[in-house]
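What you see below is based on every heavy atom in this structure, not just the backbone, and it leaves out hydrogens, waters and symmetry mates.
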Amino acid sequence: MFENSIAMATLPASDLERAKRFWHDVFGVDPIRSDMGGETYLIGGVGVLVYESQFAGTNKATAFSIMTDDLDRDMAALREKGIAFHDYDFPGLKTENGVVEMDGERGAWFDDSEGNIIALAEPTSITMDDARALLAGLRA
């Protein structure tokens with residue numbers, strides 16, 4: 001099953017024009033396609049369909065993750081664009097200045113313009129090339 005498939009992320013937006021500005025101003029990307037009721041972006045080699053929905057921002061869990069080779073650099077760049085990172089204090093997960101250090105990874109979370117939670121993750125136990133291969137199903 002799914003031997004010949006392509007996956008993409010789907011994020012709701014209550015205001016599609018506001019979401020388009022967010023993706024342009026914060027991530028520096030413009031839609032690669034406008035159809036299917038929304039705008040499709042390409043980030044980290046993954047297609048992301050941002051579409052209009054009255055249910056935007058109702059998910060209280062991570063909706064999209066971006067893996068980076070330098071969490072601190074990318075957090076600083078996002079903060080310069082007005083992004084505020086979440087602080088969490090749950091059993092087994094506590095952030096400090098927006099960052100959690102977990103087994104093999106550092107991570108941080110923030111909201112997009114529509115209230116969707118986006119995660120940033122920096123692998124610390126493997127290289128980015130190993131992470132790409134792992135996600136591509138080339139390594140176990």
Side-chain angles (χ1 to χ4, degrees):
M1 186 194 300
F2 305 122
E3 292 85 3
N4 187 22
S5 62
I6 298 171
M8 65 186 281
T10 308
L11 295 175
S14 58
D15 183 331
L16 195 54
E17 289 304 314
R18 178 178 58 209
K20 284 171 63 173
R21 285 190 303 276
F22 176 87
W23 280 78
H24 175 81
D25 296 346
V26 173
F27 293 133
V29 296
D30 292 313
I32 59 169
R33 188 174 179 141
S34 296
D35 60 6
M36 297 188 289
E39 309 292 330
T40 302
Y41 298 88
L42 188 63
I43 188 163
V46 173
V48 181
L49 171 65
V50 178
Y51 71 101
E52 200 144 7
S53 169
Q54 65 183 3
F55 300 109
T58 60
N59 180 5
K60 299 304 174 202
T62 302
F64 182 61
S65 297
I66 302 168
M67 195 170 288
T68 178
D69 66 340
D70 190 331
L71 183 70
D72 297 322
R73 174 200 64 213
D74 293 342
M75 286 180 72
L78 288 168
R79 282 184 169 126
E80 286 178 11
K81 295 176 186 223
I83 297 298
F85 288 87
H86 294 227
D87 275 311
Y88 295 114
D89 189 358
F90 301 132
L93 189 145
K94 181 172 176 47
T95 57
E96 189 170 315
N97 196 28
V99 177
V100 66
E101 306 254 350
M102 299 181 288
D103 293 332
E105 156 177 316
R106 297 175 68 227
W109 294 265
F110 64 96
D111 291 344
D112 72 3
S113 63
E114 306 309 299
N116 299 302
I117 299 172
I118 298 177
L120 291 181
E122 176 187 358
T124 58
S125 63
I126 61 174
T127 68
M128 283 293 285
D129 287 338
D130 288 339
R132 282 185 190 93
L134 180 69
L135 290 173
L138 301 177
R139 296 192 185 139

Quiz item: Nearest 0.5 Å, what's the CG-CD1 distance between D111 and I117?
Solution: 5.5 Å

Quiz item: Do you know which two heavy atoms are closest between L71 and A121, and how far apart they sit?
Solution: CD1-N, 4.5 Å

Quiz prompt | Shortest non-hydrogen contact between A56 and S14, atoms and distance | solution = CB-N, 3.3 Å

Self-check item: Spacing of L16 atom CG and S53 atom OG [to the nearest 0.5 Å]
Solution: 11.0 Å

Practice problem: Compare all side-chain heavy atoms of K81 with those of D25 and state whether any distance is below 4.5 angstrom. | Solution: no

Self-check item: Spacing of F22 atom CZ and L11 atom CG [to the nearest 0.5 Å]
Solution: 10.0 Å

Practice problem: Using a 4.5 Å cut-off on heavy atoms from C-beta on, say whether the side chain of D74 contacts that of I66. | Solution: no

Practice problem: Report the relative orientation of the aromatic rings in F85 and F110; use parallel for angles under 30°, tilted for 30 to 60°, perpendicular for over 60°. | Solution: perpendicular

Which atom pairs, one a donor and one an acceptor, fall under 3.5 Å between side chains of residues 97-106 and the rest of the protein, sequence neighbours left out?
unit_1 : atom_1 : unit_2 : atom_2 : d
E101   : OE2    : R106   : NE     : 3.1
R106   : NH1    : D72    : OD2    : 3.4
R106   : NH1    : E122   : OE1    : 3.1
R106   : NH2    : D72    : OD1    : 3.0

Quiz item: Do the side chains of I32 and I43 join up, straight or via other hydrophobic residues, at under 4.5 Å, putting them in one cluster?
Solution: no

Quiz prompt | side chain to side chain contact (heavy atoms under 4.5 Å, CB included) evaluation trace for F64 with D112 | solution = CA-CA 10 Å; F64 182 61; D112 72 3; over 6 Å; no

Practice problem: Take atom NE2 of H86 as the centre, draw a 6.0 Å sphere, and report whether it contains more than 12 heavy atoms from other residues, nucleotides or ligands. | Solution: yes

Quiz prompt | Check against side chain to side chain contact (heavy atoms under 4.5 Å, CB included), F27 and I118 | solution = CA-CA 12 Å; F27 293 133; I118 298 177; 4.1 Å; yes

Quiz item: Can you pull the salt bridge (Lys or Arg N to Asp or Glu O under 4.0 Å) pairs that have at least one residue in residues 50-65, sequence neighbours excluded?
Solution: none

Quiz item: If you measure from CD on E114 to OG1 on T58, what distance do you get to the nearest 0.5 Å?
Solution: 12.0 Å

Practice problem: May I ask you to decide if N59's main-chain N or O and N116's side chain share a donor-acceptor pair within less than 3.5 Å? | Solution: no

Quiz item: Of the non-hydrogen atoms in P123 and M67, which two are nearest, and what is the gap between them?
Solution: CD-CG, 3.7 Å

Quiz item: Are the side chain of T95 and the backbone N or O of Y88 linked by a donor-acceptor pair below 3.5 Å?
Solution: yes

Quiz item: Which value, rounded to the nearest 0.5 Å, describes the distance between R73 atom CZ and L78 atom CG?
Solution: 10.5 Å

Quiz item: More than 12 non-hydrogen atoms from neighbouring residues, nucleotides or ligands closer than 6.0 Å to CG on L93, yes or no?
Solution: yes

Exercise. Indicate the atoms forming the closest heavy-atom contact of G47 with M8, along with that distance.
Key: O-CB, 3.2 Å

Quiz item: So if you build clusters from Ile, Leu, Val, Met, Phe, Trp, Tyr with side-chain heavy-atom gaps below 4.5 Å, do W109 and W23 land together?
Solution: no

Quiz item: Got a second to check how far M75's CE is from T68's OG1, nearest 0.5 Å?
Solution: 11.0 Å

Could you pull out all donor-acceptor pairs under 3.5 Å where a side-chain atom in residues 35-42 meets a protein atom, sequence neighbours excluded?
unit_1 : atom_1 : unit_2 : atom_2 : d
D35    : OD1    : R33    : NE     : 3.3
D35    : OD2    : R33    : NE     : 2.4
D35    : OD2    : R33    : NH2    : 2.9
E39    : OE1    : S34    : OG     : 2.3

